[in-house]
Each structure stands twice: as structure tokens, then as C-alpha cells.
Protein chains: 2
Amino acid sequence: MDKDELFMKKAIELAKKGLYKTCPNPAVGAVIVKDGKIIGKGYHKKAGTDHAEVVAIKSVKDKTMLDGATMYVTLEPCNHYGKTPPCSIAILNSNIKRVVIGMLDVNKTASGGAEFLKSHGIEVVSGILEKECRDLNKIFITNITKQRPFYAMKAAMLLNGCISIKGGVSKYITSTKSLEYVHRLRSRYNGVLVGINTVLMDDPLLNCRLKRCGQPKRIVLDAFLKIPLSARIFGFEPQNIYIATTVSSDSNKKSILKSMGVNILECASTSDGIDLIDLSKKLLEKDICSVLVEGGSRIHGSFLNANLYDKVHLFYAPKITGSYGAFNVIGSQAASDFSEVKNLKSYNCKKIGDDIIIEGYF
Amino acid sequence: MDKDELFMKKAIELAKKGLYKTCPNPAVGAVIVKDGKIIGKGYHKKAGTDHAEVVAIKSVKDKTMLDGATMYVTLEPCNHYGKTPPCSIAILNSNIKRVVIGMLDVNKTASGGAEFLKSHGIEVVSGILEKECRDLNKIFITNITKQRPFYAMKAAMLLNGCISIKGGVSKYITSTKSLEYVHRLRSRYNGVLVGINTVLMDDPLLNCRLKRCGQPKRIVLDAFLKIPLSARIFGFEPQNIYIATTVSSDSNKKSILKSMGVNILECASTSDGIDLIDLSKKLLEKDICSVLVEGGSRIHGSFLNANLYDKVHLFYAPKITGSYGAFNVIGSQAASDFSEVKNLKSYNCKKIGDDIIIEGYF
């Protein structure tokens, strides 16, 4: 590993400290190096606060040290006035003479920092540990390039892919360790989404029940607004609940829900129910950049067939039974040709408690 | 690890050399120790040849060395005249003074060696690394205690437990590495079994296509004798093919198959097709002690619901599609209560080529 990669790795480690907390912004880390030594470092903590580059520059007490220094930053410095001024200008004013970039910005509004710095006589190198830097920001990249939230499928099933036994009973499939991990996952996503059938059958809370964890927005897809007002989900923080329904569903019930503080997302509809593209647009507008989709069967079927899944978190309990009369994890038509089957590009599998977890990206 | 465990471990390593080759006998290993040094060793290679104890005794050139020696043997020495004379007498005659046994024999016909030796003044210790010794002989123990072959379920599926896409197309699910491993598995089992639907759809050969590997018997469950005489399976070694059918199926076709050299197993029938208990009895009579059941869906459903599976070899390709119109790996009614779901007692999971394999025991 050469010197540039070594310092970029440090910047990546810093960026990771902000992971899952910077939405709608990317997680970014930066280090400043002079004479082979790190003299400053920083990472982006939260949207609206200083970007990593500015944090790193501010961390250097003696500003004369910046003269001729090199900055390593995981993402191209921004070149626009957003919630904060452009990092490109902050770098230029700092007298830093070389900027090493992990990945160029995919966001056209903010990009151009590399060109700006070059045109002002600063040496710019980009593409160092680019894959690792891109991996850091899969959510951000999906938001920008696909104009929708990053969607992850979560399911707990038997070895034959069924999420229930006969009649839809689905509780107690996986072990405590897996459930704990699901709660950790919930805190890492901006939103947790289920279909109305899951609410009617399982009456879930959808929150994170670990100590000191962030809470996701709780989203229910409910085209016909069948959700009972007595559902347990309404027991706390109605302002963090989003009921996605259609324009035509019961306006009276919509008013009641709104008066409870619940958010109603009126989405376009398709023959299949709620238009997931329209829903995606509305979620992203609310800065819900990443969503953990917890099912059930029909919901997974719709998201998968609409090519909306970016990632999977699949839990398998070491148990098996017949499939007739049970719900399969993917409640939709099977592909009629192998070319239509969705493939994971990369994945890991390991044991978690009594279960197995497969996590991967499409 | 104490000295007895250390030498028992050596005996287990020797026993493993005979694994998968000794059927219907167990795999057994033995070492003879004098003054802390191994002076003799042996393992059972094949039914009809010397047992491990006799091989070990014969391996000691200077028979005076046996005086006062200790024998470590993974399974209780036999005490009956089978294809070879009793090992208990061979040990007694050798002047060995101490016998350390891994597990007592579950086979009542052959057992009693420990008691015999004790009653003749030899010190006998048993139960050393018993679990490891039992694990060596899961097949043998199943044969004796359940009076049926050891059955392993093999299936290749998508992440949602489907073994096909729409319309039953099931080829090309898993990768080359997985297929290679399936061929290795085939050589480790005495028989490979499929249902008639798999023959009609996939026309498999069911042999092991690796170099220098043992060939399993090829078994087809075909209650109504629908198998076409042109099936590729008939292309070689008809004497190693077993068509399990019922008494009432086409006697003309039975005669033709017999004249081709194919074995016909006329089994009792149930409302579900062939009586698997009767089939099991007939397979064991033919010294088919272990069977790899390769499906399809209905076959796995029948074996699972009849509690016949001892082990699973489950391959998952990192691919997914809908389940409607596809075959689930278990084509039978789902349990209506979680207490009826079958649990793996132990299992491992790992990557194999592009796929995941889960192997475990019920």
C-alpha cells in the first residue's frame, strides 16, 4: 500500500464515524498531512454542520503548518453554497497545495471541486481507494443516481424460504441474537417499512429497542387505509409515522390520523396498489434516504419485481417444514427465464446466534 | 487432553480412512500402545476383510511386544462370528492387557465384547471421545437403531427456497463448484435417489462424474412406472439401477426393465405413493446403507414429513425471484404449529464457489 492509499485509509476510517448519521449528506472523512505526518483530521458528523474538509482545516491550530500540506478526502470537495459554504474555497484559502480524492462527487449540484482546485494551481489526484470510498456511500450514491431511497430487504425465514408456517403464523422463527441485530439495523436506516398485512397480523412497533439508538421513521404501506387506530405502532411518536396510501382512500380516516400527528403520504396508485416510484420520490423529499423493508411476502414481491432492492439482510433459522399453506418470502410471480432472476453482486454469510445471516448487494 | 484421549484420537484418524467404504459395517480404527509408544495400528477397510483390531494386532511383527500392551479402538470389539471371527477372542489371545473403547456397539448381534474381555481379566475402559466416535458412524448407528438407510437431503435452490423458476425449470441454479461437490457427495453415499418427476423433467444420469470415484446405486421412485425406456439413466450399469415401484404397476414394463438388468423393488403403497418405510427396509436389505435424496419437491416433502431425513446438504445460489409458479424445495403441507417444524441440531454454513452451502443434522 503506497503513502496515498495509507492516508486515504485513515480518511475512510474517519468517514465511518459519521456513517448512518449524515443523511441526506454522504459520510466523508479527511486528513491533512505535512512532511509525512498527520497534522489535522475531521469527518462530517451531521447535515448542516461543517464538512469533513473544514473540520480537518479547523483542527490544525497553527495555520502556517497548512502551507504546502496535502489533504486526503474520501469524496470530492463540494463546490457550491448549500447549508455551508464551498469546501473548495476553504481549501484554496488554507494554502494546502495537494488534494487527494477518493471518489468524485456523483451529485452534479455540489461537484466540480476538483476542477476548481486544479484551475487554481492545486495538484489534484483522484480515484485513490475509490471502491472503498464508493462503498462508504452506497446510500448517498443511490439517492443521487436513482433519485430514490436506498432500499434493503430484511426477512427472517425457514430454510425453505418460508416466512411463516401454515396460516401465516410467523413469530418465533429466528433467535434472540438475530432479533437484536434487526434492532441494530433499524437504527442504521432512516426508515423501516412494512405492508398493512404485517400490521394486521403481527401488530409490530417497528422501533429500535436497544439502548441509546437512533429511531427510524416508521412507514406502513396501506393503499386502502385498513390500519386500525388501535395498532400498537400509534402508541408513541406519531410524528415519526408515515402512512403511505392512495388519493382515493377514506379521507375521514386520513383526517383522524393527521389529527393524531401521523404523516399521510398520498401516493399515486397502480393496479398492484401504491405506486412505489411515487412513494420513493415522496420519501426522499422527507430526507428518508435509506429504508429497511421488513415485509411481508407481497411487499417483498413488489419491491423485488420493481428492481428497487439494493441490499438484502436475510436471516435463516435452521428449521424446515413444508411450503404448502405457508407464505414464501417473495410473494410475487417467479421469473419465467433465468435472465430475469435477480443476482447478488456480492454477499457474506455467517452464523448469528442459532441462525444464519446472508447480507449482500444487488 | 489426557493420554487415553490422545491415542483414541489416533484411532479415530485411522478409522476415517475407511469412511464411506465399510458399509454395511462401521468405520473403525485401532492403535496398540506399549510403554507410551504406538507399536501397532489398523483400520477396517471393507466389509468381509479383517476388523481394525485384527489388522492392528497383525501389524505388530514381534508378538511378544503385545504382552501387557493397551489397545485403543473406536468401537467395542465384536463378540460374534460374522464374516470374520470375533475380535474379542483375537484380543484375548494376543495378551493385550488393557482395552480402551470409544463407543459401545449399538448392534446387539455383535456387541458384548467389552463384557467378554472384562470377564477374562482384561481392563476395559469405555466412552473415551465417545461423541467423536459416534459422529464417525452416524450412518451405521442409524442403520442399526432405526433399521433403515441414513437419508441425506440434497437440494440446490434460490435464496427463497425455490428449486425452479416458473414452470419448473431448474437447471443452472448453482455454480460449477457446487456441482463438483455434489458429485463428491454422490461417491460418499451408497445410493442416490430421485422421484420420477425429476427423471421426466431433467433426465439425470445420477452418477459421480469425478475421476476415480466410487459409484452410488441409482434409485428412482416411480409408483406408476412412468419412466421412459429411453431415459439417459439406462445408458450404463443397469445392475446398479433400482426402480422402486408398487406391486400393481405395469408388469410388462417390469419384465422389460428386468431383462435390461435393472433391479425392480416392488414396494407397498400408501395414499401418497410408495411406502417409504417398506422401501427403506428393501434398500437396507441390499446393503444400501446411506442414500442422498436429490428431490424433487414432492420427494423432499414426503421424506421430511415422514421424519426420514438425518442430514441436509443445502445449496443456495445468491439469486432470488418470486415464488408464484415455482417449485419450493419442500413440496408438502407446512406445519400448522411451530412444534412440528423440524430443527437441525447442528450445522455449518460456508461459501462454495458463488454459492452457500448449509450442511447439518436433524
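Because the structure is a prediction, the values reported are computed rather than measured. So you know, we letter chains A, B, ... as the sequences are listed, proteins then strands, and number each from 1. The figures that follow rest on heavy atoms only: side chains count, while hydrogens, waters and symmetry mates do not.
- Within a 6.0 Å radius of CZ in B:R298, other residues, nucleotides and ligands contribute 12 heavy atoms or fewer.
- For B:K16, the NZ atom is loosely surrounded, since the number of other residues' heavy atoms within 6.0 Å does not exceed 12.
- Both the backbone and the side chain of A:I356 come within contact range of chain B, judged by heavy atoms closer than 4.5 Å.
- Against chain B, no residue from residues 174-195 of chain A qualifies, as none has a non-hydrogen atom under 4.5 angstrom away.
- The candidate from B:A155, B:G360, B:C349, B:S297 with the greatest count of non-hydrogen atom pairs under 4.5 Å with chain A is B:C349.
- Atom NZ of B:K282 has more than 12 heavy atoms from other residues, nucleotides or ligands within 6.0 Å.
- To the nearest 0.5 angstrom, A:K351 atom NZ is 12.0 Å from B:K350 atom NZ.
- Ranked by non-hydrogen atom pairs under 4.5 Å with chain B, the options A:D337, A:N343, A:I165, A:I163 are led by A:I165.
- Residue A:F338 qualifies as enclosed at atom CZ: its count of foreign heavy atoms under 6.0 Å is above 12.
- Of the listed residues (A:A335, A:C162, A:S164), the one with the most heavy-atom contacts under 4.5 Å to chain B is A:A335.
- In this structure, chain B has heavy atoms under 4.5 Å from both the backbone and the side chain of A:L159.
- Of residues 308-333 of chain A, those residues lying under 4.5 Å from chain B by any heavy-atom pair are A:L314, A:Y316, A:P318, A:K319, A:I320, A:T321, A:G322, A:S323, A:Y324, A:A326, A:N328, A:V329, A:I330, A:G331, A:S332, A:Q333.
- Contact of B:K345 with chain A is not made at all, since no heavy-atom distance falls under 4.5 Å.
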